[in-house]
Protein chains: 2
Amino acid sequence: MKETWSFLDTFEPNFRPLVVIELAKGTKKETIEWFTKRIVDKKANGGAQLLIKPLVTENGDETIYLIGASHLRLLLGAETVGLVKECNDNSMRSFTYSSRKTFKDFADDNHNFLTMSECQYIIKHELENLRARDEKMIPGYPQAKLYPGKSIVRRLLTNGILVQIFPLHDREELKKLRHTWYGRVKIGYQPLDEIRSYFGETIALYFGFLEYFTFALIPMAVIGIPYYVFAWEDYDKYVMFATFNLLWSTVILEVWKRICAVMTYRWGTLLMKRQFEEPRPGFHGALGINPVTGREEPVYSSIKRQLRIYLVSVPFVCLCLYFSLYVMMIYFDLEQWALDYHEENKSTFSSLMLYVPSIIYAVVIEIMNRIYRYAAEFLTSWENHRLESSYQNHLILKVLVFNFLNCFASLFYIAFVLFDMKLLRQSLATLLITSQILNQFAESLLPYWLQKRHVKKMKKHTHSLKTETDLSLVEQVNLEKEMGTYFGTFDDYLELFLQFGYVSLFSCVYPLAAVFAVLNNVTEIYSDALKMCRVYKRPFAEPTANIGVWQLAFETMSVISVVTNCILIGMSPQVNALFPDSKMDLVLTVALVEHLLLAIKFVMAFVIPDKPREIQIKLAKLEFESLEALKQQKRGGS
Amino acid sequence: MKETWSFLDTFEPNFRPLVVIELAKGTKKETIEWFTKRIVDKKANGGAQLLIKPLVTENGDETIYLIGASHLRLLLGAETVGLVKECNDNSMRSFTYSSRKTFKDFADDNHNFLTMSECQYIIKHELENLRARDEKMIPGYPQAKLYPGKSIVRRLLTNGILVQIFPLHDREELKKLRHTWYGRVKIGYQPLDEIRSYFGETIALYFGFLEYFTFALIPMAVIGIPYYVFAWEDYDKYVMFATFNLLWSTVILEVWKRICAVMTYRWGTLLMKRQFEEPRPGFHGALGINPVTGREEPVYSSIKRQLRIYLVSVPFVCLCLYFSLYVMMIYFDLEQWALDYHEENKSTFSSLMLYVPSIIYAVVIEIMNRIYRYAAEFLTSWENHRLESSYQNHLILKVLVFNFLNCFASLFYIAFVLFDMKLLRQSLATLLITSQILNQFAESLLPYWLQKRHVKKMKKHTHSLKTETDLSLVEQVNLEKEMGTYFGTFDDYLELFLQFGYVSLFSCVYPLAAVFAVLNNVTEIYSDALKMCRVYKRPFAEPTANIGVWQLAFETMSVISVVTNCILIGMSPQVNALFPDSKMDLVLTVALVEHLLLAIKFVMAFVIPDKPREIQIKLAKLEFESLEALKQQKRGGS
């Protein structure tokens, strides 16, 4: 091991830029010198042992640096981050430099063994784990305090010295990907493996889920169409539709887990160990010994974290939920008041006033969402989670609960307090369709248009007529650094989650919802793909084995939808007509059916295995081998 | 590895008998010769490489054999079965012979490193995995067919040639254990670690659960007593009691998982891998390659097993459940008929007739239980599960569902069809108390008395006045081979499960149930301990990491009890009086409360981690080390 590190040198003839670092204008020279030295320094001296090159722009100031690494350095980094790759015997194993020869497609001169996004992920990991040793502060910035173990990059970012870090696009690869992904009109699956190797697992998994979910909605949509066409209003058909929906939604969520396991096994992320993740960059604590690995790293008491979660975050979220409900009640009061006002006055002004409450409510909801999102991020960061995944899960859970209430509280109120099915159907349709249109516009088309305009302006500015693939490195960097930043799949999943809510919560009232959802998702795939490829900076790849807390969120939604659908069916006049004498019998029957459906759901979730047998066997085999290896090692040691 | 096996010889000066084998009278000589040769034969020749000695009894026939093994053989066997032991650095690791020096208390001359029950477990495992090679049948018994890979011992047992295999008691150890366990009157915990090292983990875990469960019931009992003493009948107190019960039962089941993890980590069974369990003795299939281990062993298509489960077993169980309900309805009809008859005639004969339906029903239930149990065992065996644990789980599930219905169906009928709360309370009390008394009598006291009489008769017969610890080996074997066989913890858990049902399902009707349960369990600990130590043959130790499917069973019961208690409270006249105008509001309120309670239960189950943090870290550390070892091994190999 040790001698391989010494092969590395900071000089490399074929420097390939992978990641861009942008420093603030006017950053002190001594800071730049210290930072670049730390980046190129040997591992043994606490450096990251990467390559760095300044990018000299036309106006001469050196604020942009390109980071690269030698092939050997990247391979050693792949071992550090625990990358799992396919071996010659088709099994998936953690890559180690010494066993490199046993891996498929490995050759010392094959620089494509690691994909570009993997190389960028490794560099990001190394940069983020560049930690302060004996520095008390960032040289040149006495107010930017450092302590042993503090991530340097994080401190530079929080102090504004570092403006951004982002990976470079590979224009050639991107063009190919765009072509197979959405460049031609075709019916077929997305090139998930290519998306994964360009954008990483998290994003590929999102597109995989979006595609799967769309296919899974098709049966609901197909069954829903005749309800609209033939205007079926029979209760028995509604009951059948709702029952099918409820069972189907359980099945699709269970089957997704299996499909997800197959995909992430192939990508190697199913085997990556969550436990040995390095602490996330924002994590702070006194330097201590990690009890699992025995390595030195910041440690933070889990009891303190629990106290922060349960004594501060949970009450805060509850308060926000209460406030949101309060605002909704005010909205309904305002609406009533506007209606009364219109009834009394019947003027143009009063008919305009009818729209005022809705507009105010929409604006207030948007403001609340933004403030809450900011507060949730602050709180979750303050909870000081050791792992990025745990941070994300807590953030998602917080935002999810609030968004759920904001989106569906008014529908619940209409359905179960006002008992107005017609209004419910109308509100549901309006909400679903407008939110879909607005989302697609605000999320992809608008940024795409802005980006296009920006490129045009840039081209006019540089008097260049080159096509995008012919851009010089300087031009490419200058173009990409101005692109927006993609903040992760959060908002995309949230959109799908809310859509799932519209489709399933009140499915028996509006069977056409699934049709709109399918139509939306088909275009969503294209607009999201466009967004990823043309609008945003390339995001860093993020290995992941599943969609995490979203799985739980979707499952919870499908449990809630059993309850709501049963109540809706119980409230329908057709079902009420079946029990003319006793409302009591009706309620009891509905409750019985609901409990039965819930029981079936849980039995199904229990009976369907989360991983296909094939994957189970492969995982068991790996576990068995690793245990045997432990025995072997002991044998050797004794 | 290889040379260590050659050290073994079938001759050993200090032969210590561990396991007894009893052959049928008149077993052919050639069979005995062949069987004993296979037992002592070298591993390389397909033998078990154990020691065997005939026990010559007074009447001269050689049907009883004692099995032992050399110290070295046992250590190698401990590695084969994957025993986990404590190391010098206090971590728990799989024992391997080559790393033996790193284990706590290991010394080449310390023959107590493995406990006697571990040695017996190893011998049982080796005997059961003595498999046919090229034999077509058991020599001397052409009808007893063999095929490659078939467990010889299993075939001998099914053909009646082998009467029984059982481990010998250690009279000295047993006396000590008895003394600390129940020999003196004291308040305190059971010596679970000593029970574990004498009887194995499964039995120790049962006693641990019994003790924990008893302690956990005490709060319920304490809160229940004033209801009886002050004859509280206020609805609000009942509601409080029921709510406390429901949340408490969730908490105790979650906390048990954590306590169980701590115990089984200490015992090493938490780390034993279920995947690498050898196939259970009854498992059959064509010889193939296990995809996980790569070793040759019988394989059986999992699809075939699924088909057998879903197409045969599940419909059969459903049919039985239907039949059982049908019988219950006949019983209620008969009861009604007897009541009517008594009303009309009012004679001594007619008042006697009142008891007839109950007696008939009790007898029929008992018969149905027995037939069903037999059928369930046959079916589960026919499903051909690879692992003993999987066989047990399927068997338990089958029997559980049927027993649940048999025990509680009549109570459900009384509560929710007849709406007779007084009768419900009366039936509940009668059922609970009589079943407890009958169980303790039939389970422990009766066998104990029979056993005592048997020992007396034997002593009279042999004119011996020795105390039990002074018995000669021949006397001990003759005594023990006539003792009853303990068929596992199944019935003990079932009793606890049904008790939990009586306590929780209708807790708001009869708060005193917990008091009776606590009283019963305190004596149950003593009677079960007596049963284990004095009535039955010593059972083979069975490593286990948790109470398996029973955890699920208890959790399901606690979910069902939320539903039943909510309905009962809703039906109580006090609560009804609160909603004088609208029964509808009552039902809706009850349904709302029920859903809230269920939601709280699930959130609690989700929030409380299954393993204490300390254990989580230890497990993660071991996993990390085994992965590092795999890397190391690869590095060495490349």
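In what follows, every chain begins at residue 1, and chains take the letters A, B, ... in the order their sequences are listed.
At least one side-chain heavy atom of Val607(B) sits under 4.5 Å from a side-chain heavy atom of Tyr310(A). No side-chain heavy atom of Pro291(B) sits under 4.5 Å from any side-chain heavy atom of Lys621(A). With a 4.5 Å cut-off on side-chain heavy atoms, Phe606(B) and Leu552(A) count as touching.
Other residues, nucleotides and ligands contribute only 12 or fewer heavy atoms inside 6.0 Å of the CD atom of Glu614(B). Dense packing is recorded around CG of Leu311(B), with more than 12 heavy atoms of other residues, nucleotides or ligands lying under 6.0 Å away.
In this structure, chain B has a heavy atom under 4.5 Å from the side chain of Leu588(A), while its backbone stays farther away. For Val559(A), no part lies under 4.5 angstrom from a heavy atom of chain B.
Results of the side-chain contact (heavy atoms from CB on, under 4.5 Å) test with Val292(A) over Leu622(B), Ile617(B), Leu619(B) single out Ile617(B) as the only residue that passes.
The distance from atom NE2 of His595(A) to atom CG of Leu598(B), rounded to the nearest 0.5 Å, is 6.0 Å. A distance of 6.0 Å separates CE of Met584(A) from CG of Leu586(B), quoted to the nearest 0.5 Å.
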